[in-house]
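Accompanying notes for the structure given below.
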Number of protein chains: 2
Amino acid sequence: MHDNFQGEQHPGVEPAPEATRGFRLNHSMLRVKDPEVSLAFYSRVFGMSVLRRLDFEEMQFSLYFLANLEADDQVPEDAAARSTWTFQQRGLLEFTHNWGSEEQEGRIYHDGNAEPQGFGHICFAVPDLHAAVAWFDENDVEFIKRPEQGKLKDVVFVKDPDGYWIEVVQPSLMANMGDA
Amino acid sequence: MHDNFQGEQHPGVEPAPEATRGFRLNHSMLRVKDPEVSLAFYSRVFGMSVLRRLDFEEMQFSLYFLANLEADDQVPEDAAARSTWTFQQRGLLEFTHNWGSEEQEGRIYHDGNAEPQGFGHICFAVPDLHAAVAWFDENDVEFIKRPEQGKLKDVVFVKDPDGYWIEVVQPSLMANMGDA
């Protein structure tokens with residue numbers, strides 16, 4: 001429990017300083033070429049909802065903040081209150097759409113896994129990996145790795161419309177992953 | 001509230017299908033050159049704890065899963081149970097350390113913001129942006145943008161040890177951001 005577990009100790013790790021109280025990882029941002037295509041994919045295939053779109057006319061871009069709504073989420077209807085609420089959450093996905101990018105041909109963004117490497121992937125937890133794989137097939141999702149392929153069994157990787165990698169795991173199958 | 005708010009409607013958006021019930025955005029993965037340096041930075045400057053390290057001897061890499069522990073987090077002590085718990089959470093940060101990368105010179109990973117673009121940044125919400133800026137200065141954090149710079153007031157960007165961009169915002173200051 002939290003009173004006992006203060007995090008694993010590894011070289012470099014320090015206890016969380018008081019100055020960081022209330023810090024929270026709010027989102028990860030991916031550039032998307034065509035928001036209509038990305039929103040269709042993430043809303044249908046992964047069940048995400050748009051909490052907030054913010055438009056920046058002068059700078060010619062829009063932001064979309066997405067989450068899987070949960071039963072106890074108390075989402076304000078009022079847009080300004082919803083902006084504040086959105087930035088208080090944990091683990092959202094943010095899209096940046098630079099206006100006009102959807103008119104370019106083919107994939108235009110780098111997924112981070114070819115050279116030069118850097119960013120790797122986002123990951124969804126799902127209650128039933130087998131059912132999720134069937135759902136992805138039903139929706140013609142492009143697989144990088146099916147659960148039975150490769151050295152990491154029960155771990156799936158698919159691609160989103162921009163080519164970004166999405167890992168998919170079932171938490172109950174991960175208990176013994178990576179034991180040294 | 002959730003019963004009323006079903007997400008903003010934009011072109012492409014579909015209602016969350018039943019097949020996606022329980023899907024949850026678990027983590028974003030960044031490659032890090034030297035985990036000792038990255039863990040020092042994210043634990044001290046951003047207050048994150050290591051929920052779980054997983055080692056893959058055959059493939060010569062390790063994974064670290066980090067979160068800002070919160071008062072109501074019920075973290076299991078048992079490692080296998082903690083692995084399952086880790087993959088059930090929302091919005092973790094995952095590091096991948098390819099063994100030996102720390103022996104290379106300089107920054108070795110691409111942050112996604114120079115060409116070729118793709119991944120943009122992660123973002124932390126903080127209770128007090130002014131205090132956070134003072135804390136970053138106290139810790140010699142490299143700023144990309146201070147709150148008063150640029151067109152987006154009250155939004156901060158700093159760099160992590162690999163050069164990845166970290167946005168920092170105070171939710172209460174974001175209520176009117178991006179009004180069209």
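Every chain is numbered from 1, with letters handed out A, B, ... down the list of sequences.
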When only pairs under 4.5 Å are counted, which of [options] shares the most heavy-atom pairs with chain B?
| options | answer |
| --- | --- |
| L54(A), V32(A), V168(A) | L54(A) |
| R52(A), E18(A), M48(A) | R52(A) |
| G91(A), A40(A), P11(A), A81(A) | P11(A) |
| R21(A), M174(A), E94(A) | M174(A) |
| S83(A), P116(A), G7(A) | P116(A) |
| G12(A), A19(A), A132(A) | G12(A) |

Please check if [X] and [Y] belong to a single hydrophobic cluster, counting links between Ile, Leu, Val, Met, Phe, Trp and Tyr side chain heavy atoms closer than 4.5 Å.
| X | Y | result |
| --- | --- | --- |
| F41(B) | I144(B) | no |
| V126(B) | V155(B) | no |
| V141(B) | W165(B) | no |
| L173(A) | F157(A) | no |
| V133(B) | F46(B) | yes |

Do you know which two heavy atoms are closest between [X] and [Y], and how far apart they sit?
| X | Y | value |
| --- | --- | --- |
| P127(A) | F23(B) | CD-CD1, 4.0 Å |
| V50(B) | F5(A) | O-CZ, 3.6 Å |
| T84(A) | P171(B) | OG1-O, 3.3 Å |
| F119(B) | R31(A) | O-NH1, 3.3 Å |
| A80(B) | N176(A) | CB-OD1, 4.0 Å |
| A16(A) | G47(B) | CB-O, 3.5 Å |

Would you indicate whether the side-chain heavy atoms of [Y] and [X] approach each other to under 4.5 Å?
| X | Y | result |
| --- | --- | --- |
| I122(B) | L25(A) | yes |
| M59(A) | L152(B) | yes |
| H27(A) | E167(B) | yes |
| V169(A) | F87(B) | yes |
| S49(B) | P15(A) | no |
| F124(B) | R24(A) | no |
| K151(A) | F56(B) | no |

Between [options], which residue shows the highest count of heavy-atom pairs closer than 4.5 Å to chain A?
| options | answer |
| --- | --- |
| S38(B), S28(B), A131(B), G163(B) | S28(B) |
| E58(B), Q170(B), E138(B) | E58(B) |
| Q89(B), M29(B), Q88(B) | M29(B) |
| A125(B), A79(B), G120(B) | A125(B) |

Interchain contact, [X] with chain A, by part (heavy-atom threshold 4.5 Å):
| X | answer |
| --- | --- |
| L92(B) | backbone |
| N113(B) | both |
| Y164(B) | side chain |

| query | Are D73(B) and R90(A) within salt-bridge range, i.e. N to O under 4.0 Å? | reply |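 So D73(B) pairs with R90(A) through a salt bridge.
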
| In terms of side-chain geometry, is the basic nitrogen of R53(B) or E8(A) positioned less than 4.0 Å from the acidic oxygen of its partner? |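 Salt bridge between R53(B) and E8(A), a charged N being under 4.0 Å from a carboxylate O: no.
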
| said: Strictly distance-based, threshold 3.5 Å: is any side-chain N or O of S43(B) a donor or acceptor partner for the main-chain N or O of E14(A)? | reply: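 Such a contact is found between S43(B) side chain and E14(A) backbone.
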
| said: Any donor-acceptor pair under 3.5 Å linking the side-chain atoms of E115(A) with those of H110(B)? | reply: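 Per modelled atom types, H110(B) and E115(A) side chains form no pair under 3.5 Å.
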
| message | Distance check, rounded to the nearest 0.5 Å: M177(B) atom CE versus L63(A) atom CG? | response |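 One finds 9.0 Å between CE of M177(B) and CG of L63(A).
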
| task | Only one of F65(A), Y64(A), Y42(A) passes ring-ring contact (aromatic ring centres under 6.0 Å, His included) with H10(B); say which it is. | result |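 Answer after filtering F65(A), Y64(A), Y42(A): Y64(A).
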
